[in-house]
Every structure is written in structure tokens, then in C-alpha cells.
Amino acid sequence: MSYLAKVRELNPLVHNITNIVVANFSANGLLALGASPFMADAREEVADVAAMSGAVVLNIGTLNEQAISSMILAGQSANTHGVPLVLDPVGAGATAYRSEVTQKLVQSMQLTALRGNVAEVANVAGESWASKGVDAGAGEGDVLALAKKAAQKLGCVVIVTGREDVITDGSRTFVASNGHPVLTKVTGTGCLLSAVTGAFLAASEGAWLEAAAEAISFYGVAAEIAAERTEGQGPGAFQIEFLNQLSAVTPEIYSQRSQLKQLNH
Amino acid sequence: MSYLAKVRELNPLVHNITNIVVANFSANGLLALGASPFMADAREEVADVAAMSGAVVLNIGTLNEQAISSMILAGQSANTHGVPLVLDPVGAGATAYRSEVTQKLVQSMQLTALRGNVAEVANVAGESWASKGVDAGAGEGDVLALAKKAAQKLGCVVIVTGREDVITDGSRTFVASNGHPVLTKVTGTGCLLSAVTGAFLAASEGAWLEAAAEAISFYGVAAEIAAERTEGQGPGAFQIEFLNQLSAVTPEIYSQRSQLKQLNH
Amino acid sequence: MSYLAKVRELNPLVHNITNIVVANFSANGLLALGASPFMADAREEVADVAAMSGAVVLNIGTLNEQAISSMILAGQSANTHGVPLVLDPVGAGATAYRSEVTQKLVQSMQLTALRGNVAEVANVAGESWASKGVDAGAGEGDVLALAKKAAQKLGCVVIVTGREDVITDGSRTFVASNGHPVLTKVTGTGCLLSAVTGAFLAASEGAWLEAAAEAISFYGVAAEIAAERTEGQGPGAFQIEFLNQLSAVTPEIYSQRSQLKQLNH
């Protein structure tokens, strides 16, 4: 599979309804990758923009009433027009309001993919989650089970990012092991990952799970290379080099470095 | 003409009503250039801010009802106080809503300059536009004719940016040939160009056409140098070096590299 | 005192209600420092977010009605829960609206610290201020007197940043002399400083004045080193290296370079 090559060939339009913190970084990341961002959140136009896009990506990073109704309009338009739809439930569970909004969103539309950390995904899926602490083995097992259950409940691809990333549609599951801890030192890297996932879905012709898995693994490869090139410099330098690598990583480089494996169970 | 030197001498206040995607980049670009950005969009204060500014720049990148009424208040205040006014009709024509909003804006105020790509300018001017494909010669001829017609209709300087940039007041016309394709890989480079045009207009004492032409050409020179210095690195590195060059390009460097010609017809 | 070490040990949650221009830079600066930014401005959740945070930072850079009522809710929640509260009155005095809003904010809540330039602080404190021009000696004397008076009136730590920075609680006063003029060429460096002050307050266990003084001095040290490392390059390069240094400056480096002195009077 090389959905990366397809993204660069098609330059898909990716409609983002996102927040004031990461809008610039998300747009620049999509441009670097080879996609075409369309950032639009006015109620009057989001349905039109969603309908003409290759993917719609909703991000609840900073919320307000207008944004929520725009997200519902855009999501429903994406559903009507067969456009893949990604939700990034930033901070779901951190406040009651974010949990409520997230429930309202998932009940109003059919997601193609949900991307969050384990606490966010558990909240969206209505599953209780308590960190298992340092016992990574058991913890990872739980993440796998949680991700599958969430995928089955929501009827979509679920992506749980963390030290390792899990991508599952509830029956088939991939685990991606690229990436770098410095990603957690740059704001919006999770949000941009959701947007990049949207771009890959737009280029996938319906192979949602495979395209999502490649998106996550590609992103990790770009981060690893950027981290190597800026070692000892800091998160500012990493952020810029990461944008460079989103552009520079070819399908060949990706294939050489990707650590993506499909699980047998 | 060296409006660049004047901008750096006067540090004009440039009032921007812009969007969540490019607000940071626009402010940083204006600061690097030597202007003073004032980002304010509350209805309660935009008329006051516009009145005290050297230029007002309106950008419809991400719209909402409050932003539109603020833009009208700011634009009318600029008109009342003789402050030059720039409109960047981001995505005009892409959705019905953006086309409507743009018409509402141009009917509510008198622009000093309009800056967009050919599709946006055609939409604002109410002209039909169909890309001429790869036949660049014919295409450019059409762009010139369209730009002039738009300038005559709107009674302002029209700037159509693309592979070459056209700057016209409807009778006299400049063509600027600097710039670099990597500009299209960084979000907000068009928006910042509109803001930079505002800064040059603020320092022009009414020589709108000449100041706008120099702004466009200066911007292209800074982009070229930044692209040379970051060749092979990527859009992240370019973005940062471009901010450096907006500060570093002197009137002398500008004169040596500028490819700006006035047409005879 | 090493509040810097404490910030990095505790990774305090810093709740920011800020603006579209600086939200990204503020979040990245806090992450680089070692704090955890939470950017949330919806009325429905700001009280909850403030209550769980180590500090709340309000910034009036771009205003609207929702943001103001959210700021009041967050500020009052911070007061109720004993969470330190910082206000950055961006542009107070520049428009009547900003002055009114600022008064409304300071009358609705008890600040822990106010951070602004001399004109902003004078406006908030209801003191007249006229620049003394180049007579720096007299000017500085006035700044000290103004800062103390503002601190006494508002009952909080007042930080006036400029060529030198004054930090006072109305009786005890520090002057910080690190920093670099290139800070004025990057948007949001004042706003981020207010956010960084919030992070230090969160790690101070109530030693507000000392923690604020160290925050200001630390920030100046990081800026100096970043300016040295990017000398001759420009504000783009500085901005990135500054993020690096917010992460790289250790308590040891800080101690060697900090020029922070407590005044005897």
C-alpha cells in the first residue's frame, strides 16, 4: 500500500473545523504533506465545503456554540456525500462539557475514524478507563481491548495514539511503533495527525483501516527523522523540521523505516 | 521609489481583521518587515482602531457574523478617516456564502486595494473566469484584462497574484516576476502579502499603485532569497527564513533583484 | 530560589484564555518550559478548567463578548479555588473598549499578578502616564513609582516590562535586566511571558513575588541566549531558538546569567 503517493498525486481537499491553537500548524502540516487544507467554520458554508472535500476533520480543541453547530452541519454533510469524516475529541473527559459535546457529535453523525489518546477514546466510547501505571504489558493489552470495543460500538476505525499507536476497525488491528516523545512538546501534533489521517482517507478509495494505519505510521516516521535531525536543539527546531519531513519523506523512505504490524488476533 | 525605507522609518500601525489560521504569521510578518500590527476584531473597538491606523486590512479566511459586521465598521471608519483599505477575499467564489459576504463588503466600503488570485478577483468583480490551462500566454493576457476591468469596476488598485503578479489601477499596470512556488506550501502567505501591501500603502502618501507594486515585488524578492537559503530543506525552514528575509532585505537588495516592470499599454 | 526546577518537576496545568494571534505560541512556549497548557474559553467549561489548574492566565489580545464573560467565570473560579490568576491587559488604554473591559475584569476578580507595559499598567491602575522620552533615569524612577502604586491599588504583584522589568508587590521590588530587543519583533512574547509567569506562580506555593521575579528573569535569560545564537539571522530564527531555550535553560544556566536584583527601598 502506498497511500502517501496517492495523497501527493491527488492533493485532496481536507476540510478542517479546528481551533485557534492549532489552525496554523494543521494547515501548514497538510500543505507540507501535499494536501489542500480548507479551514472554514461558519455555519453558512460548512455543509458546502464538506460536500466538495476529500475528507472532513472535526477538532474540539477550543469550543463554542457556533463551532459545535458547524461541526454537526459539516459532519452530516460529509455523511450525505460519502466523504470520510474524522473526529479528534481533544480533552473529552477532562471537563463535563467536552464529554457532552463529544456525545452530541457522535450521536449526530457517523464517523469514519476517531483519533485520540486512550483517555479520550474511552470517554467517547463510554468505557471506564484507569491507567495501569508502569505495567506496560497489561496496559497495552487493555488499550487494544478498549480500541476494539470502541471501534465496534462506534462502527468506525479507532486510532489510539500513545507510546505505541493502535489502529483498529474492531476486527482487524494494526500497531504502529514509530514516533518520538518530543511530539508531546509541540502543541497540535495530535490535531495535525488527525488532519493527516483525513488526507490519507481521502486518497484511500474506501480502504479506511489500511489508509489510517499508513497515515499514523508515516507520521511517526517523519517525527523520528525530524527528531534525529534536531537532536539536542529543542522543540522549536523539531517543530520546523517536522514540517520539512512531512514534505520530504517519500514512499521509499517510509517503507524502509515504518514499523507497522498487523496483529493476528 | 523606496516605500520599503519609508515603512521602516514610519513603522505604520496596520489594523488587521483576519482569521485564526494566519493571525500569528501575519503579525510576525508585519513585525519582521518593520510595521506595527494591531489585531482587533471586536465590534466595539474596530472603528476606533481603524481610525488611528496607517492602513486597514480585511481578510475573510475564516468568517463569522461578528467578523463581518466588524469588517464593515472598520472599513467604513477607514473610509471616513482617509485610511487606505485592503481586502483579501480568501476563497471568494469557492462557496456561495463567501461570494455573498464579499459582495456585501465591497458594496459597504470603498477599497484602496484588492488582493487575490485570479479566481477570487474575478468573483469579486463579477466576471466569469475559466482557467485557460497550460496556455500561459493567452492566460496571462486574460489575467491582465481581468485585473484592469476589476480595477475600473471597483475603483481601486487590483493585485492578482499568481505565477506572475499583476498590479493595476485600471489604466497603469505593473507586472512583478519575483517569488517562488514554495510560497504555496506555507499557509497565509497570500494573507500576509495583503497585510504587507497595507503597510506599504500606509507609507505611500497616496501613491497607491506604486506602493502596492513595490510591496508585491519586495515580497517576491524576500521569498526568492529565503527559498535559495533553504533549498532542499522544506516548507518549515522556508517559512522561518522568509520571516528573517522580510526583516533583512534592504532597499539596496530589493533594487538589485526586483523584477518589476510597468507595461506600456 | 529555583522555581524553574519546580515548574519542571510539577508540570503545572496552566489555563489560558487568550487570543487567535498568540494561542499557538503561548501553548508551545509553555510546553517547551515544562508546563501543561490548557487552552479553553467556552463559558460552559472555563470555571471547571480553572478549578483544576495550577494557574489561570487571562489575555485580552483579541476580545469578544463570549471571551469576556468566560474570563470573568474563570477568574472567579480561580479566586474561589485559590488558584493564582494573571492578567495581561493587552492594549489597555489604546481603545476605550479595552480600558472598559479591563476595569470590568479587575473589579470582578482578585488578581495575583498583572503583567503589561507601562502604558497598560498605568491604564489598569487608573494612573495618568506620559512617556518621559529619552530621559531614561527619570523615566525609570517613574516606572518604579507607578508599579508600586498599581500593586498597592490592585493588591497584587505588578510586573511592568520594558527595557528593564519591574516586579513589585507594592512594598518589596525586584528589577530584572536580562532580555533582548528582538523580543519586540516577535508577536506574543509579552503574552507568553504572562503565561510563563502563571506557570511559575503555580509552582511557588504562595511566594508570588519571588516566583514572578524569577519567571521574568528566566525569560530574559532564555531570550538573551536565543538572540546570541541567532545573531544576524532575523526574528524568524529567533522565535524558534527562543522556544528551544525555554526548554534548554537549566537552573544552573539561569543562575549564572540572571541579572535580578532586589531594591533596598
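Protein chains get the first letters and strands the later ones, always in sequence-line order, with residue 1 at the start of each.
Heavy atoms of C/Phe38 lying under 4.5 Å from chain A belong exclusively to its side chain. If you measure heavy-atom distances from A/Ala23 to chain C, you find no contacts under 4.5 Å at all. Of the two parts of C/Ala40, the backbone and the side chain both hold a non-hydrogen atom closer than 4.5 Å to a non-hydrogen atom of chain A.
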Heavy-atom donor-acceptor pairs under 3.5 Å, chain A with chain C:
from, atom 1, to, atom 2, distance (Å)
A/Val21, O, C/Asn24, ND2, 2.9
A/Thr95, OG1, C/Glu45, OE1, 2.7
A/Arg98, NE, C/Glu45, OE1, 2.8
A/Arg98, NE, C/Glu45, OE2, 3.1
A/Arg98, NH2, C/Glu45, OE2, 2.8
A/Thr187, N, C/Asn28, OD1, 2.7
A/Gly236, N, C/Asn244, OD1, 2.9
A/Ala237, N, C/Asn244, OD1, 3.0

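The two residues A/Val14 and A/Gly198 come nearest to each other via the heavy atoms CG2-C, 4.5 Å. Looking at every heavy atom in both residues, C/Phe200 comes nearest to C/Leu4 through CE2-N, 3.6 Å. For the pair C/Gly179 and C/Ala223, the tightest heavy-atom approach, listed with the atom from each and the gap, is CA-CB, 4.5 Å. Residues C/Leu260 and C/Ala176 share a closest heavy-atom pair of CD1-CB, 3.8 Å. Here the closest heavy-atom approach between residue C/Gly54 and residue C/Ala202 is recorded as O-CB, 3.2 Å. In plain terms, the two heavy atoms of C/Cys191 and C/Val22 that are nearest each other are CB-CG2, 3.7 Å.
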Please report the C-alpha distance between A/Leu183 and A/Leu193 in whole Å, then the side-chain angles of each, then the deciding distance to 0.1 Å, and finally whether the side-chain contact (heavy atoms from CB on, under 4.5 Å) criterion is met.
CA-CA 11 Å; A/Leu183 281 169; A/Leu193 175 51; over 6 Å; no
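With rounding to the nearest 0.5 angstrom, the CG atom of A/Leu105 is 8.5 Å from the CG atom of A/Leu111.
Note on C/Ile240, C/Leu30, C/Leu243: by heavy-atom pairs under 4.5 Å with chain A, the leading option is C/Ile240.
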